[in-house]
Amino acid sequence: MDVVAQPVAVADLMVLIRSWREDEFKPVHCPTCASPCLEIADRSARPHREWYALSCPACGFDQTVAVPLGAPVPGAD
């Protein structure tokens with residue numbers, strides 16, 4: 001019988017992304033299989049939003065997270 005992975009909350013993924021941003025060389029554990037080989041890629045299109053691709057070669061976890069950024073402030077150059 002196949003095990004169906006439960007959805008992972010965006011807030012939980014943001015914690016993983018924040019940890020990765022603090023130290024890109026520190027292993028990040030996959031939220032579904034706990035393997036320390038979660039891969040995170042910053043695919044951002046600033047200034048509009050940040051995009052992060054998260055994938056795990058051990059279990060096949062594959063998720064993209066989009067983080068909208070605030071609107072530009074006129075005259076804030």
Side-chain angles (χ1 to χ4, degrees):
M1 177 188 311
D2 290 335
V3 176
V4 177
Q6 296 297 317
V8 179
V10 173
D12 294 337
L13 295 176
M14 291 304 299
V15 169
L16 296 174
I17 292 167
R18 190 176 318 118
S19 173
W20 171 78
R21 302 261 318 164
E22 290 173 359
D23 184 355
E24 293 182 21
F25 299 105
K26 179 181 172 186
V28 179
H29 293 268
C30 175
T32 58
C33 74
S35 174
C37 59
L38 185 69
E39 298 171 358
I40 301 175
D42 185 349
R43 302 244 163 89
S44 298
R46 292 175 185 88
H48 305 290
R49 74 179 56 232
E50 293 181 352
W51 287 91
Y52 297 96
L54 294 85
S55 60
C56 178
C59 71
F61 176 80
D62 187 25
Q63 184 74 42
T64 301
V65 178
V67 182
L69 299 175
V73 178
D77 295 301

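Quick note: numbers below take in every heavy atom, side chains included, and nothing from hydrogens, waters or symmetry partners.
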In terms of heavy-atom contacts, L38 and S55 come closest through CD1-O, 3.4 Å
In this structure, CZ of R21 is separated from CG of D42 (nearest 0.5 Å) by 5.5 Å
Taking all atoms of both residues into account, what is the closest heavy-atom pair of H29 and L16, and its distance?
-> O-CD2, 3.8 Å
Cluster link W20 to V67, ILVMFWY, side chain under 4.5 Å | yes
R49 to A66 - nearest heavy-atom pair and separation | NH1-CB, 3.8 Å
Of all heavy-atom pairs linking C56 and S35, the shortest is SG-CB, 4.4 Å
In terms of hydrophobic clusters joined by side-chain contacts under 4.5 Å, are L69 and L13 together?
-> no
Kindly work out whether a path of hydrophobic side-chain contacts (I/L/V/M/F/W/Y, heavy atoms less than 4.5 Å apart) joins Y52 to V15.
-> no
How about R43: does its CZ atom have over 12 heavy atoms from other parts shown lying under 6.0 Å from it?
-> no
Verify same cluster id: W51, L54 (apolar side-chain graph, 4.5 Å) | no
Side chain to side chain contact (heavy atoms under 4.5 Å, CB included) between V8 and Q63, intermediate numbers included = CA-CA 9 Å; V8 179; Q63 184 74 42; over 6 Å; no
Side chains of F61 and C33: closer than 4.5 Å at any heavy-atom pair?
-> no
